[in-house]
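These notes concern the structure reproduced below.
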Amino acid sequence: MDERYDPKVIEPRYQKLWEKEKLFKVTEDPSKKKYYLLEMFPYPSGRIHMGHVRNYSIGDVVGRFLKMQGYNVIHPMGWDAFGMPAENAAIKAKTHPAKWTYENIEYMRSQLKKLGFSYDWDREFATCDPEYYRWEQLFFLQMLEKGLAYKKKSFVNWCESCQTVLANEQVEAGLCWRCNNPVVQREMDQWFFKITAYAEELLEYCDKLPGWPERVLTMQRNWIGKSEGAEIDFDVEGSNKKIRVFTTRQDTLFGATFMSLAPEHPMVKELVQGKEEEKRVNDFIEKYKRISREDRITGTLEKEGIFTGSYCINPVTGDRMPIYVANFVLMEYGTGAVMAVPAHDQRDFEFAKKYNLPIEVVIQPEGKSINAEELTEAFEEDGILVNSGEFSGMKSPEAREAITRELEKRGQGKKTINYRLRDWGISRQRYWGAPIPVIYCDKCGIVPVPPEDLPVVLPLDVELLPSGASPLPFVESFVNTTCPKCNGPAKRETDTMDTFVESSWYFDRFTCPDYTEGPLDQSKTDYWLPVDQYIGGIEHAVLHLLYARFFTKVLRDLGYLKIDEPFINLLTQGMVIKDGAKMSKSKGNVVDPDEMIEQYGADTVRLFCLFAAPPEKDLDWSEQGVEGAARFLNRLWRLVYEHHESISRVNSYSGKTPPGDASRKLHRKTHQTIKKVTEDIKERFHFNTAISAVMELVNLIYQVKDDVLREEKGLEVLREAIESAIILISPMVPHITEELWRVLGHESSIVLTSWPTWDEEAVKEEQLLIVVQVNGKLRSRIYVSPSADREEIKRIALEDERIRKFVGEKPVKKVIVVPGRLVNIVV
RNA sequence: GCGAGAGUGGCGGAAUUGGCAGACGCACUGGACUUAGGAUCCAGCGGGUAACCGUGGGGGUUCGAGUCCCCCCUCUCGCACCA
């Protein structure tokens, strides 16, 4: 054994060995309990960053720990390989996205291997491989058949700098989630996945995912945005047309005094046609087409609107309601039309004040009275109905039901549920993605590619365009094809799929990456799925994690899967920050994993990532902290170095209480540590406290070893303690522990060892420390035997000299005894 | 504005069920070893001379509150004219 700990020698040695022995390769084994452990696979952007190191280190601890506990752990890794950065980098470097991507994969794989993660590399794949995306194209065709994929013309989010459309989830505060540039609305014919068909189930299952962080579920619930209300039809005066609104406040219907339409509302054009208002309204619409989104980023727009010159009729009061176009009404939500109730909606109130429209109070707060003239803001809460005909006197919730029933009877409305969630726009006008497998024929229209013709391979022989726009439309050999129906000349779809489609099912494919008969081998998916533990960043709370849930339900309904949800437990780890900010090139605070590994070794980097903060919190990178981690590993190394020759001659102590005070103390601490570390990892994922427990054990070994060695079974007890420390910390720092394990004479890998169990008897303290309080204040400590009963503890406490001093002559009112904890004497 | 989470030494963080606040680590201080120490080992390390005071602030429940309840403040994240 070397005197000096040198990770540069040890780490590659064991990485090669693990790989050669295929220690982490797994197959289905019905006799064992399976565990599917997964970390979000990376985009091959070039190099691994600290966020990946942290994410994968957390996963690796869980994987190695559970393997040692006897689980059949599947722990795969692969590459989310389609995407725009490849294309942009390729344009810049005048290379090909495929070349760029595969080179990055090569390098990043080597980085992951240098970190010693326990992946089953035989399952690795990249999503840009046609053998992967061909199945995705098949799913698309089957979804098309079921109406779950469809094409429609609508206003979509367009990112000018990315030259492509984005789904709603991919727009953050009006900006593109990738490049942070403003997103504009553009009317385009696009492919969608009907995620809204699953809105209710996606929402409902939020209550059936107890292993998910509450805040992720909340974000998903909010994103789905269910609201219960009614659709109400308003007749347009002098026409047989109706305007349909969605409202959650049917109880305020009697107070609806005007109508607001979104600028994009299809009815606006008809309403103003030939009227003197026509030009003014059209100018207004044009203005908001140009500025609306961008202004929403900077702040709230002032409410503004314009009268269309038309009126509609309030179905319950019969009053004429002027129809306005209003800048704050969203076409995307509800029906794009809002019945305006100025007394009970703040936006409508402001609007009514500005344009001098009538305000009718129809809801009174309980025990108070308000009137329209004195209102300074809308009363938006529930209350008691007034001025509402037969419904006056009802409470809001009751009135909502009653008014809806009345409208239904008259055929002028119905109860509805509205969701904020929109269908998932998946067309991307970029090259580096999976082609959408449809063909356009002048005669037959949209024709799906026959499944037997899959995959529609993305042609690699292309010249990228400097603008970023897809070169596919110009690749004649790709575009020009024949119609599968009529055999006539036809053209292929040149849009590709959103790369979030690939990441929506990669975890399914990991169970059978080489299966060629179909997308998924049921004998494998049935065994491995669902994913037991998923680990990744919170930034995907409503992107990937929502899409993947949706896709799982689709694959279930297509007959591929038997599960309802993909991920049982979800851990969202915090960011790695430095100097109070997220690491970024522009801030110049990036710490490169390669440099850290070079300087300290993978084990030290891993240990620091796990020790500095609990996984769900942000981790503040500190070079001094890293040195602390390195110091601990050196300390462990020296301990083994100093004693390996002597303890190698004996077996680890395995009996009950050993003779000798020091030995007993160390034996007890050893078992306490086994218990603590096991529970911390298994039940709480608190690796930081698990590590600190091992540090305590090592500290105690240093402290008592000389005394222990003077005792009868001392050497055995010392070996037990040292060996336990090595095993317990091995999931965090697998290389150094593998080496030390072998130094102690073991010939097979530490990974194959069973996780130690603790002796409940040994864990117990011989003497319990009991805290004694007088009037709730700590006054003394006493030691009692664990077998002492309440009376005895009480007696010892009251006899304690310090306590007698504090109690003095005062009468003892009450004595509270909590066995094993404390005594509180109330005087 | 709505929703969620958090606030503990100089710092990262412990305290799992209401029961010794500050485990473990970093930084710092003193000492030992040493040609040397940025290695290692040992000791100390919330404030206060002390009684005592201390978990963002103020109330409350309790024998006992970092932990439970009410009010307030601050910060972070998400959504944001959602009808």
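Model, not experiment: these values are computed from the prediction. Residue numbers start from 1 in every chain, and the chains themselves are labelled A, B, ... in the order their sequence lines are given, proteins ahead of strands.
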Starting from [atom2] on [N], measure out to [atom1] on [X] and report it in whole angstrom.
| X | N | atom1 | atom2 | result |
| --- | --- | --- | --- | --- |
| A/Ile691 | B/C26 | CD1 | P | 13 Å |
| A/Leu778 | B/C20 | CG | C1' | 6 Å |
| A/Gln170 | B/G78 | CD | P | 16 Å |
| A/Arg221 | B/G5 | CZ | P | 11 Å |
| A/Trp621 | B/C11 | CH2 | P | 21 Å |
| A/Leu175 | B/C79 | CG | P | 11 Å |
| A/Ile577 | B/C75 | CD1 | C1' | 13 Å |
| A/Leu700 | B/C24 | CG | P | 11 Å |

Counting side-chain heavy atoms from C-beta on, which of [options] comes nearest to [X]?
| X | options | result |
| --- | --- | --- |
| A/Ile816 | B/G19, B/C53, B/C26 | B/G19 |
| A/Leu769 | B/C20, B/U40, B/C24 | B/C20 |
| A/Val771 | B/C20, B/C81, B/C63 | B/C20 |
| A/Asn688 | B/G13, B/C24, B/G3 | B/G13 |
| A/Leu330 | B/A4, B/C82, B/U16 | B/C82 |
| A/Val826 | B/C63, B/C81, B/A23 | B/C63 |
| A/Asp680 | B/C24, B/U16, B/A83 | B/U16 |
| A/Thr218 | B/A4, B/G19, B/C24 | B/A4 |
| A/Arg347 | B/A83, B/A15, B/C79 | B/A83 |
| A/Asn699 | B/G13, B/G19, B/C24 | B/C24 |

### Which nucleotides of RNA chain B pair, in dot-bracket form (Watson-Crick or G-U under 3.5 Å, | meaning another strand)
(((((((..(((......[....))).(((((.......))))).((....))..(((((..]....))))))))))))....

Gap in Å between the two [atom1] atoms, one belonging to [N] and one to [M], rounded:
| N | M | atom1 | answer |
| --- | --- | --- | --- |
| B/G66 | B/G22 | P | 12 Å |
| B/C53 | B/G9 | C1' | 15 Å |
| B/C45 | B/U29 | C1' | 8 Å |
| B/U55 | B/A51 | C1' | 22 Å |
| B/G13 | B/G46 | C1' | 15 Å |
| B/C52 | B/A4 | C1' | 40 Å |

### Query
Can you check whether A/Leu385's main-chain N or O pairs, donor with acceptor, with A/Ser388's side chain at less than 3.5 Å?
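Here the side-chain-to-backbone pair does not exist.
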
### Message
Please check: side-chain N/O of A/His644 versus main-chain N/O of A/Tyr641, any donor-acceptor pairing under 3.5 Å?
### Response
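Looks like yes, one N/O pair under 3.5 Å.
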
Can you say whether a donor on the side chain of [X] sits under 3.5 Å from an acceptor on the base of [N], or the other way round?
| X | N | answer |
| --- | --- | --- |
| A/Asn824 | B/C63 | yes |
| A/Lys617 | B/U76 | no |
| A/Lys813 | B/C63 | no |

[atom1] of [X]: more than 12 outside heavy atoms within 6.0 angstrom?
| X | atom1 | value |
| --- | --- | --- |
| A/Lys226 | NZ | yes |
| A/Arg635 | CZ | yes |
| A/Phe155 | CZ | yes |
| A/Glu683 | CD | yes |

### Query
Which residue, A/Arg635 or A/Arg821, contacts RNA chain B at a nucleotide closer to its 5' end, judged by nearest heavy atom?
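By nearest-heavy-atom nucleotide position, the 5'-most residue is A/Arg821.
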
### Query
Taking the nucleotide of RNA chain B with the closest heavy atom to each, which residue, A/Arg779 or A/Asp618, is nearer the 5' end?
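Closest to the 5' end, via its nearest nucleotide, is A/Asp618.
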
### Task
Please work out whether B/G31 sits syn or anti, treating a glycosidic angle within 90° of 0 as syn.
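Anti for B/G31; the angle lies over 90° from 0.
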
Quick one: is [X] getting a side-chain N or O under 4.0 Å of the [N] phosphate, OP1 or OP2?
| X | N | value |
| --- | --- | --- |
| A/Arg631 | B/A27 | yes |
| A/Arg215 | B/C79 | no |
| A/Arg638 | B/C41 | yes |

### Query
Among side-chain atoms of A/Tyr5 and A/Thr604, is any donor-acceptor pair under 3.5 angstrom?
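Looking only at side-chain atoms, A/Thr604 and A/Tyr5 do not form any donor-acceptor pair under 3.5 Å.
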
### Message
Could you go through A/Asp345 and A/Arg347, starting from their C-alpha distance and side-chain angles, then the distance that decides it, and tell me whether this counts as salt bridge (Lys or Arg N to Asp or Glu O under 4.0 Å)?
### Response
CA-CA 6 Å; A/Asp345 182 289; A/Arg347 292 157 306 180; 2.6 Å; yes

### NZ/NE/NH1/NH2 to OD/OE distance under 4.0 Å, A/Lys705 and A/Glu642
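Salt bridge between A/Lys705 and A/Glu642, a charged N being under 4.0 Å from a carboxylate O: yes.
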
#### Entry: A/Asn775 vs A/Lys777 side-chain heavy atoms within contact, under 4.5 Å
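When only atoms from C-beta onward are counted, A/Lys777 and A/Asn775 do not touch, as no gap falls below 4.5 Å.
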
